[in-house]
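From a predicted model like this one, the values you see are computed outputs, not experimental measurements. We're numbering straight along the sequence, starting at 1.
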Amino acid sequence: MSESEIEMIVAMIRPEKLGAVKKALAEIGAPSLTVTNVSGRGSQPAKKGQWRGEEYTVDLHQKVKIECVVAEIPADDVIDAISDAANTGEKGDGKIFVLPVSDAVQIRTGKRGPEAV
């Protein structure tokens, strides 16, 4: 656990697990998140195929990147919620990273720090 009051949890998960992860985060009181469609490569094996007689390799897999910034909700609770909801037990389930956030500013109100989250 970091010493920062504000933490960003970044998770790369399977696209089909997004609904379950959103529900799990809402259940622990962490409904705010940013979602981006990304592609990447990790321990999930590359797939080979053929199209019109040509062989090709797909080594970048489609994933969803979730970013969730928390101040009052423990990062460990967010990690557990994402892990439980995104886990299939197969390679390619994804990764979770936790980063300290030095500051946050709410544009509308000007609030800073944990109050802005």
In a table with atom names and distances, give each donor-acceptor pair under 3.5 Å that connects a side chain of residues 27-36 to protein atoms at least two apart or in another chain.
none

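- Between the CG atom of Asp76 and the CD atom of Glu7 there is a distance of 8.0 Å, given to the nearest 0.5 Å.
- With rounding to the nearest 0.5 angstrom, the CD1 atom of Ile66 is 5.5 Å from the CG atom of Leu18.
- Listed here is the closest heavy atom pair of Glu5 and Pro114: OE1-CG, 3.3 Å.
- Between Ser39 and Gln62, the closest heavy-atom pair is CB-NE2, 3.6 Å.
- Applying the salt bridge (charged side-chain N to carboxylate O under 4.0 Å, His left out) test to Asp103 and every residue at least two apart in sequence or in another chain returns Arg112.
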Return a table of donor-acceptor pairs under 3.5 angstrom between the side chains of residues 77-84 and protein atoms on other chains or two or more places apart.
{"unit_1": "Ser83", "atom_1": "OG", "unit_2": "Ile79", "atom_2": "O", "d": "2.9"}

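- Asn37 has its side chain within reach of Val64: a pair of non-hydrogen atoms, C-beta onward, lies under 4.5 Å apart.
- Hydrophobic clustering keeps Ile6 apart from Val105 (ILVMFWY residues linked when any side-chain heavy atoms are closer than 4.5 Å, directly or through intermediates).
- Scanning for side-chain hydrogen bond (donor to acceptor under 3.5 Å, both in side chains) contacts around Glu67 gives an empty result, with sequence neighbours left out.
- One finds the CD atom of Glu72 at 9.0 Å from the CD atom of Glu115 (value rounded to the nearest 0.5 Å).
- When every heavy atom of Ile9 is checked against every heavy atom of Ala75, the shortest pair comes out as CD1-CB, 4.0 Å.
- Partners of Asp59 according to the salt bridge (charged side-chain N to carboxylate O under 4.0 Å, His left out) rule, which considers only residues two or more places apart in sequence or in another chain, are Arg41.
- Distance alone, capped at 3.5 Å, places no donor-acceptor pair between the Lys63 side chain and the Ala11 backbone.
- Under a hydrophobic-cluster definition in which Ile, Leu, Val, Met, Phe, Trp and Tyr are linked whenever side-chain heavy atoms come within less than 4.5 Å, directly or via other members, Ile13 and Leu60 are assigned to different clusters.
- Listed by chain and residue number, Arg14, Thr88 satisfy the side-chain contact (heavy atoms from CB on, under 4.5 Å) test with Glu90 (two or more places apart in sequence, or in another chain).
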